[in-house]
Amino acid sequence: MKTIINKFTVLLVLTSLILSSCTKDFTDLNTDPNSTPSAKPHQLLAPTLVSIVGYNMIRNRNFNNELMQVTVDMGDGEGKVFRYDYRATWADYLYNGWYLEMLNLKDMQKIAKDTPTLNKSYQAISLILQSWVFSLLTDTYGDVPYFKSSLAKDSLLFEPPFDRQKDIYLDIFKKLEEANTLLASGPQIVASSDPVYNGDITKWRKFGNSLYLRLLLRLSGKAEVASDCIAKIKEIVDTKASTYPKITKLEESAILRWTGQGPYVSPYMSVREQDFRAPGICSFFIDNLTTWSDPRINIPTYGTGSPTKTNRWCIAPSSGAFVGVPSGYSPGQVTSKKASFYSITNNTNTGPTLMTDQLTGMMLNVAEVDFMQAEMAANGWINGLAKAFYDSGALHSIRQWLPQWPDTSTKIYTITDYLNASDLGYNESGTLEEKMEQIHLQKYYALFLNDMQQWFEYRRTGHPLLPKGQGLRNGGVMPARMTYPVSVQSTNPTNYKAAVAQQGPDVISTQVWWQKP
């Protein structure tokens, strides 16, 4: 009886959380309880997206960025991510948040499919977003509940089995195929319901197919599926390109834009300013930008530390110079000199900062698509020159933040001028490994603020080469996954144990399926 009561209590709490997540701060999109018994697809899309992107941005800031040497949360205490000092409590936030919002995505698909005015476009968008979130889940944790997940509300299935990552990926590919077909002839959607593409289903289709490429590439090194993935990559990019349109322009990048109006306020605004600017920028991240005279940071040509239209990242120098903090330093070796991301509180500077910038809700941008194709071309999987894709990725990565670049007063007129001046020109005579390092170093900056993609790509490729400090834990090896939340061990013990027996010990050094040889 106690177990039944506990499960019923969990159901009530979960249901209340779901309902509150669908309605909070979305008065203009809420269901009218007097006329409609359930939400409509367009009423679910925006709040669900805002929540998911919010989860991603918070963990990008305090987990991905620390692992991937973007920032260093300086200190000698326990649980410092930049030292690979992992705390079990890191696992809960994303796992619980993603699964909670998955209920809304599945509801959106079901409602769009079951209503008298069948809407194929909302079905497709739900399938794309489910694929996106499940890929984040499995790339973060490994094997996770998939086929029978999110059934507690309707089927009272409180203890879902864990599915193998391989099976999850293969089913995600089916979802993305279906979404592409549905959107080819789907109706328009309510523009005001869509904070990413303002109702443009053609762009949603391009996002879905670009996501498809991302995930195919992630499995391209896994021997048992590599040939099928590479064949599908060639089909999407070359032989059936018109059937699989993908992101090719800046305005097609999948970004939830934080306008500051209504619910679209950046989750970074919930972080205290002193806390936001407290972590130092890592020396790896800042030293490259300084060496390259990169326009995305505050160099003499582009500003003096104030947030301006040409200083979008708002990097504040330390004592007049850009001094980063080495990642992985041993306790007791901390330096006080550091550059940091910051925001301006006075009224003299009104440009964007990372706390207010519209572009921080990054999901998948055009530069990532370019660099994916550069890697594919370098491997000989698709037509086209790797150099052309590489140059395009570098240009798009800068223009994502500085649309008017280049400023010709610098005597830099083209992306070729910039790359050559910075000694970044694509080395066509280099080894494949050298080409991968070039491509992924630039891709690293293109993936700035993009959930956990830097971490996933490093685990897949080993690039870019990151320096290793003396204070690293885990044998100095990059964590391969997050552990499962402690709550899963107590609420779903049988399936948890089966997952661990199948995948390996529930520790950060256990590789997920696509990482294993």
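Given the structure is predicted, the values throughout are model-derived calculations rather than measurements.
Within 6.0 Å of atom NZ in Lys234, more than 12 heavy atoms from other residues, nucleotides or ligands are found, so the atom counts as buried in its surroundings. Atom NZ of Lys516 sits in a crowded spot, with more than 12 heavy atoms from other residues, nucleotides or ligands closer than 6.0 Å.
A salt bridge is absent between Lys175 and Glu178; no separation between the charged side-chain nitrogens and carboxylate oxygens falls under 4.0 Å. Under the 4.0 Å criterion applied to side-chain N and carboxylate O atoms, Glu224 and Lys166 are assigned as salt-bridge partners. Salt-bridge formation is detected for the pair Lys232/Glu235: a Lys NZ or Arg NE/NH1/NH2 atom is positioned less than 4.0 Å from an Asp or Glu carboxylate oxygen. We find that Arg257 and Asp357 are not joined by a salt bridge, their nearest charged nitrogen and carboxylate oxygen being 4.0 Å or further apart. Contact check on Arg218 versus Asp139 returns a salt bridge, with a Lys/Arg side-chain nitrogen under 4.0 Å from an Asp/Glu carboxylate oxygen. No salt bridge links Arg214 with Glu457; every basic N to acidic carboxylate O contact stays at or beyond 4.0 Å.
Trp204 pairs by the side chain to side chain donor-acceptor pair (under 3.5 Å) definition with Asp194, not counting sequence neighbours. Ala499 meets the side-chain contact (heavy atoms from CB on, under 4.5 Å) test with Phe162, Tyr484; sequence neighbours excluded.
Of the N and O atoms on the side chains of Arg164 and Gln502, at least one donor lies less than 3.5 Å from an acceptor on the other residue.
You'll find the side chain of Gln400 reaches within 4.5 Å of the side chain of Ile255, heavy atoms only. Between Trp514 and Arg459 the shortest side-chain heavy-atom distance falls below 4.5 Å.
The closest donor-acceptor contact from the side chain of Tyr197 to the backbone of Glu252 lies under 3.5 Å. Side chain of Asp275 to main chain of Val271: no donor-acceptor pair is present (N/O by atom type, distance under 3.5 Å, no hydrogens or angles). Checked by atom type and distance alone, the side chain of Asn56 never pairs as donor or acceptor with a backbone atom of Asp451 at under 3.5 Å.
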Which pairs would a plain distance check flag for residues 468-475, meaning a side-chain donor or acceptor within less than 3.5 Å of a matching protein atom at least two apart in sequence or in another chain?
residue : atom : partner : partner atom : Å
Lys468  : NZ   : Gly476  : O            : 2.9
Arg473  : NH1  : Asp85   : OD1          : 3.3
Asn474  : ND2  : Val477  : O            : 2.8

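Only one option out of Ile172, Thr140, Leu176 pairs with Ser135 in a side-chain contact (heavy atoms from CB on, under 4.5 Å); it is Ile172. With Val70 as the partner, the side-chain contact (heavy atoms from CB on, under 4.5 Å) test is satisfied by one option alone out of Tyr444, Tyr445, Phe82: Tyr444.
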